[in-house]
Amino acid sequence: MGYWYKGTWYDGDNLCLKTDDPSFLFGATLFTTARIHHSSLDHPLGLWSDHGDRLRHSIQTLRWAAPNWDDIRRGAEKMASVAPVIRITLLHDGRELILGRSLPEQLKEKQQQGIKGWIAPALDYQRPQASFKTGNYLSAWQARQRALNQGAGEAILLNMHGQWLETATGNLWGFRQGTWYTPPLGEILPGVMRLYLQRQLTQCQIPFQEIPWDLELVQTFEAIAYSNSVVGVIPFQEILGGAIEPWPLSINHPAVRQLQHLSGQLMP
């Protein structure tokens, strides 16, 4: 497929970095992953401007060198012509690396049938600088690998107080008595799909709240799902691990299907 790096397209999959490059040694990168619709960055469901806003905010907050945004646009357009998912990585000094990949396997089935979630022990899986999507993603990646080994499809991350925060790859949504709930910002990544869904819920006058998820609240939910820009919304059919194992959940709750419809990414 090839890749885009520092303003140039390269065939193959080998990238040359210096051995003392902080992006390689310490994961000093920021990234965002976008779903491509009809090979166009400007399709409204691609949320291109929201992905760019998050990258810009992160760069400004961390006081990193600004990249060449025109090169990023050109590289993203090139990759969007050949891949349904693109990952834009910004290195610490302003370089850009753009990769492409396929959609996750069995995405339609997961959207319809749900997946199992595994509660990752808080002591083992704390994500550093959780407000930023940095290349230092080891704890989340490791938690998801452990979840897969447990027969689950996604890991659920907790803080040291036992509150549910997010999944290894997305944001959490819980529904009860006509209202959606999602954990507040501060200890979680401000997901692009999360923001989009909040706008959609507001437009449709569907109540939602951002409050901490303690176990008492979680156990009142009629349905739980997670979201990200690539998969849209996927419900949990069962939760493994923690103090409530095993815990079956409704995957066909009307509110879940409504949230999937609002995401615009429920596969036909």
Side-chain angles (χ1 to χ4, degrees), residues 32 34-35 43-51 53-54 57 107 110-117 119 127 130-131 133 153-159 161-239 242-244 247-268:
T32 193
R35 174 86 172 265
H43 191 285
L45 291 179
L47 308 178
W48 175 252
S49 62
D50 290 323
H51 285 285
D53 288 345
R54 183 170 65 181
H57 172 74
L107 178 56
K110 292 174 182 177
Q111 289 172 330
Q112 294 286 359
Q113 301 171 16
I115 64 170
K116 294 181 181 180
I119 300 176
R127 196 162 72 80
S131 296
K133 198 164 182 135
E154 187 60 72
I156 296 169
L157 307 181
L158 313 179
N159 65 16
H161 302 291
Q163 295 171 332
W164 291 29
L165 298 176
E166 57 191 346
T167 76
T169 65
N171 293 113
L172 287 166
W173 294 90
F175 184 84
R176 69 165 186 171
Q177 299 179 353
T179 299
W180 279 104
Y181 294 81
T182 188
L185 299 180
E187 294 183 90
I188 69 170
L189 181 73
V192 168
M193 179 54 70
R194 176 183 183 273
L195 176 62
Y196 178 74
L197 287 172
Q198 288 179 323
R199 291 198 298 250
Q200 293 289 89
L201 290 168
T202 299
Q203 182 177 345
C204 295
Q205 298 183 328
I206 300 172
F208 71 89
Q209 294 186 33
E210 295 181 76
I211 61 174
W213 282 27
D214 58 25
L215 186 59
E216 182 178 356
L217 173 68
V218 168
Q219 290 181 301
T220 68
F221 288 147
E222 302 161 35
I224 301 176
Y226 82 100
S227 67
N228 68 41
S229 297
V230 174
V231 305
V233 174
I234 292 181
F236 287 105
Q237 59 181 234
E238 186 177 23
I239 304 296
I244 50 178
W247 181 24
L249 289 161
S250 171
I251 59 172
N252 292 311
H253 196 290
V256 171
R257 300 310 178 197
Q258 183 182 47
L259 194 66
Q260 290 179 321
H261 176 73
L262 292 178
S263 78
Q265 296 190 328
L266 182 61
M267 299 288 285

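Note that the coordinates shown come from a computational prediction; the quantities given were computed from them, not determined experimentally. For the numbers below, each heavy atom of this structure counts, side chains included, while hydrogens, waters and symmetry mates do not.
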- Note on the structure: The reported gap from CG in Leu259 to CG in Leu201 (rounded to nearest 0.5 angstrom) is 6.0 Å
- Query: Under 3.5 Å, is there a donor-acceptor pair between the side chain of Gln260 and the main chain of Gly232?
  - Reply: no
- Message: To the closest 0.5 Å, what do you measure between CD (Gln258) and CH2 (Trp180)?
- Response: 8.5 Å
- Grab the two heavy atoms, one from Pro184 and one from Pro212, that are nearest each other, plus how far apart they are. CD-N, 3.6 Å
- Item | Polar contact flag, side-chain donor to acceptor under 3.5 angstrom, Asn159-Glu187 | yes
- Task: For the pair Tyr181 and Phe221, name the ring-plane relationship: parallel under 30°, tilted 30 to 60°, perpendicular over 60°.
- Result: tilted
- Residues Arg257 and Gln111: closest non-hydrogen pair is NH1-O, 3.0 Å
- Note on the structure: Note: Ile251 and Gly114 closest approach over all heavy atoms is CG2-CA, 4.2 Å
- Do Val218 and Ile224 come within less than 4.5 Å of each other through their side chains, counting heavy atoms only? yes
- Would you check if there is a donor-acceptor pair between the side chains of Arg194 and Ser227 at a distance under 3.5 Å? no
- Message: Can a side-chain donor-acceptor contact be found between Thr220 and Arg176 if the only test is distance below 3.5 angstrom?
- Response: yes
- Query: What pair of heavy atoms forms the shortest contact from Leu189 to Ser131, and how long is it?
  - Reply: CD1-O, 3.9 Å
- Pairwise side-chain contact, Phe175 with Val256, heavy-atom cut-off 4.5 Å (strictly under): no
- Residue pair Ser263 / Val233: nearest heavy atoms and the distance that separates them: CB-CG2, 3.9 Å
- CD (Gln237) and OG (Ser250) are apart, to the nearest 0.5 Å, by 11.5 Å
- Item | Donor-acceptor pair between Thr169 and Glu154 side chains, under 3.5 angstrom | yes
- Heavy-atom distance under 4.5 Å between the side chains of Tyr226 and Phe236, does that happen here? yes
- Does a side-chain heavy-atom distance below 4.5 Å link Gln112 with Leu107? no
- Item | Working for side-chain contact (heavy atoms from CB on, under 4.5 Å), residues Leu158 and Leu165 | CA-CA 5 Å; Leu158 313 179; Leu165 298 176; 5.7 Å; no
- Query: So Trp164 and Trp247, would you call those rings parallel, tilted or perpendicular, with 30° and 60° as cut-offs?
  - Reply: perpendicular
- Message: Measuring from atom CG of Leu185 to atom CD of Glu166, what distance do you get when rounded to the nearest 0.5 angstrom?
- Response: 10.0 Å
- May I have the step-by-step check of side-chain contact (heavy atoms from CB on, under 4.5 Å) for His57 and Asp53, ending in yes or no? CA-CA 6 Å; His57 172 74; Asp53 288 345; over 6 Å; no
- If you look at every heavy atom in Tyr196 and Leu45, which pair is closest and at what distance? OH-CD2, 3.7 Å
- Query: Which is it for Arg54 and Val192 under the side-chain contact (heavy atoms from CB on, under 4.5 Å) test, yes or no, and what are the steps along the way?
  - Reply: CA-CA 8 Å; Arg54 183 170 65 181; Val192 168; 3.7 Å; yes
- So does Lys116 pair up with Glu238, basic N to acidic O under 4.0 Å? yes
- Under 3.5 Å: donor-acceptor pair, side chain of Thr182, backbone of Leu172: yes
- Message: Using side-chain heavy atoms (C-beta onward) and a distance below 4.5 Å, is Met193 in contact with Asn171?
- Response: no
